[in-house]
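Below is one structure, written out as structure tokens, with a few remarks after it.
Ligands are counted one by one from 1 in listed order, and the atoms in each one are counted from 1 as well.
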Amino acid sequence: MAPAATIEITEKTGAELEAISDEIDEINAAKYDSKSKFDDEKDKAAFRNYEDANDRVKNFYREQHYKQTVTYNLAARNRFYSSTRPRPEMTIWEAMEKLNTLIDESDPDTSLSQIQHLLQSAEAIRRDGKPRWMQLTGLIHDLGKLMVFFPELGTQGQWDVVGDTFAVGCAFSETCVYPQTFAEGNPDAKNPDYNTEYGIYSPNCGLDNVMLSWGHDEYLYHVVKDQSTLPDEALAMIRYHSFYPWHRGGAYRHLMCDKDWEMLKAVNAFNPYDLYSKSDGVPDAVKLKPYYMELIAEFFPNPVVKW
Ligand SMILES: O[C@H]1[C@H](O)[C@@H](O)[C@H](O)[C@@H](O)[C@H]1O
Ligand SMILES: [Fe+2]
Ligand SMILES: [Fe+2]
């Protein structure tokens, strides 16, 4: 009788493992440069037209720009970090379903529900053959909007949850949408400690040390950083995806450190999938669920997430 086949398991040395992980990084980085179906410039012009946006969008940004002050941001972070804050518990898929009832007042480009937007982003990333961690990032990137339903976080409305983000504690950037509204109503615009180029920051202090307006990006970043094995690029995609004045407007370069330039590449690679997939067909959540459940399990060791 022939002997049963044996599988040989060879131990890899630290250096070998490092070489493999470098190789994977290289492959992943090369993927950022590959062609995407969103390369056509003329299709892109239809998005983020804030000039012609409706009053709901304009009123949203007026309120957000008036109220996102340094004082508010410090208070919001204190509430979030407080060790006594009760943390709702929910799986990623339950979170997606819960979020489905939210209509984002800041968004001029989508009338679809949030679960559809998340699946569209993930599916577009998957279709372009991007890495699995990036597909998952597409799937979860807006789940921070759940904070709108969590009174424990002291969320005030949509203005401290959705919309583009910007730095507080230094001069407001002209590259923000409706930039005139800051001078009109945000007290920090008149505060000499905050209204200079650097404000409370120092040259090249790194974006990790800059306080961005409080909302779904920053909130989800902390949840995911602590409870998943997603790589730094994924965390940057989540944390900075709404930071349009930075990743698209070219602002805040004087606050960036070396690592931020690397992260900028990742965020720019992610952005088209967030924005332009909004015009794709409506995904079939029931059909797609098994694929994504497996993907979630790959990067979230504990299926129940503490929000
Ligand atoms: O209106 C949208 C929406 O709220 C997105 O979730 C956010 O990431 C964008 O930056 C914003 O423009
Ligand atoms: Fe978002
Ligand atoms: Fe999004």
Does the side chain of [X] pick up a donor-acceptor pair with the side chain of [Y] at under 3.5 Å?
| X | Y | answer |
| --- | --- | --- |
| Asp260 | Tyr252 | no |
| His222 | Tyr81 | yes |
| Tyr273 | Gln135 | no |
| Thr71 | Thr69 | no |
| Asn186 | Gln68 | no |
| Asp217 | Ser242 | yes |

Near [X], which atoms of ligand 1 are under 4.0 Å from a heavy atom of that residue?
| X | result |
| --- | --- |
| Gly163 | 4 (O), 10 (O), 11 (C) |
| Tyr50 | 12 (O) |
| His241 | 8 (O) |
| His216 | 6 (O), 7 (C), 8 (O) |
| Arg48 | 12 (O) |
| Asp142 | 6 (O) |

- Message: Counting only heavy atoms not in Lys287 (residues, nucleotides, ligands), do more than 12 fall under 6.0 Å from its NZ?
- Response: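 It does not: Lys287 NZ has 12 such atoms or fewer within range.
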The Fe ion (ligand 3) to [X]: nearest N/O/S atom name:
| X | result |
| --- | --- |
| His117 | NE2 |
| Asp274 | OD1 |
| Asp142 | OD2 |

- Ser202 side chain to Cys205 backbone, donor-acceptor under 3.5 Å: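 Between the backbone of Cys205 and the side chain of Ser202 there is no qualifying donor-acceptor contact (under 3.5 Å).
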- Could you tell me whether any N, O or S atom belonging to His216 is less than 2.8 Å from the Fe ion (ligand 2)?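 It does: His216 brings an N, O or S atom closer than 2.8 Å to the Fe ion (ligand 2).
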- Does the pair Arg248/Asp164 count as a salt bridge with the N-to-O cut at 4.0 Å?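 No, no charged N to carboxylate O under 4.0 Å.
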- Less than 4.5 Å apart, any side-chain heavy atom of Val305 and any of Val223?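 Sidechains of Val223 and Val305: in contact.
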- Task: Would you check if Phe149 and Thr101 make a side-chain contact, meaning some heavy-atom pair closer than 4.5 Å?
- Result: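 Phe149 reaches Thr101 side chain to side chain.
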Look at [atom] and say which protein heavy atom is nearest, naming residue and atom and giving the distance to 0.1 Å.
| atom | value |
| --- | --- |
| atom 3 (C) of ligand 1 | Asp104 OD2, 3.2 Å |
| atom 8 (O) of ligand 1 | Ser242 OG, 2.5 Å |
| atom 1 (O) of ligand 1 | Ser106 OG, 2.6 Å |
| atom 6 (O) of ligand 1 | Lys145 NZ, 2.9 Å |
| atom 12 (O) of ligand 1 | Asp164 OD1, 2.6 Å |

- Establish, for the pair Arg126 and Tyr291, whether the NZ or CZ atom is under 6.0 angstrom from the six-membered ring centre and no further than 45 degrees off its axis.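 Flagged: Arg126 positioned over aromatic ring of Tyr291.
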Distance-only N or O hit between ligand 1 and [X], under 3.5 Å:
| X | value |
| --- | --- |
| Asp217 | no |
| Val162 | no |
| Tyr244 | no |
| Asp274 | no |

- Query: From the Fe ion (ligand 3) out to just under 2.8 Å, does an N/O/S atom of His241 turn up?
  - Reply: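 Under 2.8 Å: His241 has no N, O or S contact with the Fe ion (ligand 3).
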- Examine Trp159 and Met211 and state if one hydrophobic cluster contains both, with Ile, Leu, Val, Met, Phe, Trp and Tyr joined whenever side-chain heavy atoms are less than 4.5 Å apart.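 Not linked; separate clusters.
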- If two hydrophobic side chains count as joined below 4.5 Å and joins carry through other members, does Phe243 share a cluster with Trp261?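 In one cluster: yes.
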- Between Asp107 and ligand 1, which residue portion shows a heavy-atom distance shorter than 4.0 Å: side chain, backbone, both, or neither?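 The part of Asp107 near ligand 1 is both the backbone and the side chain.
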- Message: In this structure, does ligand 1 have an atom that sits under 4.0 Å from one of the heavy atoms of Tyr61?
- Response: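 So Tyr61 counts as touching ligand 1.
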- Hey, does His141 sit under 4.0 Å from ligand 1 if you only count heavy atoms?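 Checking ligand 1 against His141, which is what was asked, there is no heavy-atom contact under 4.0 Å.
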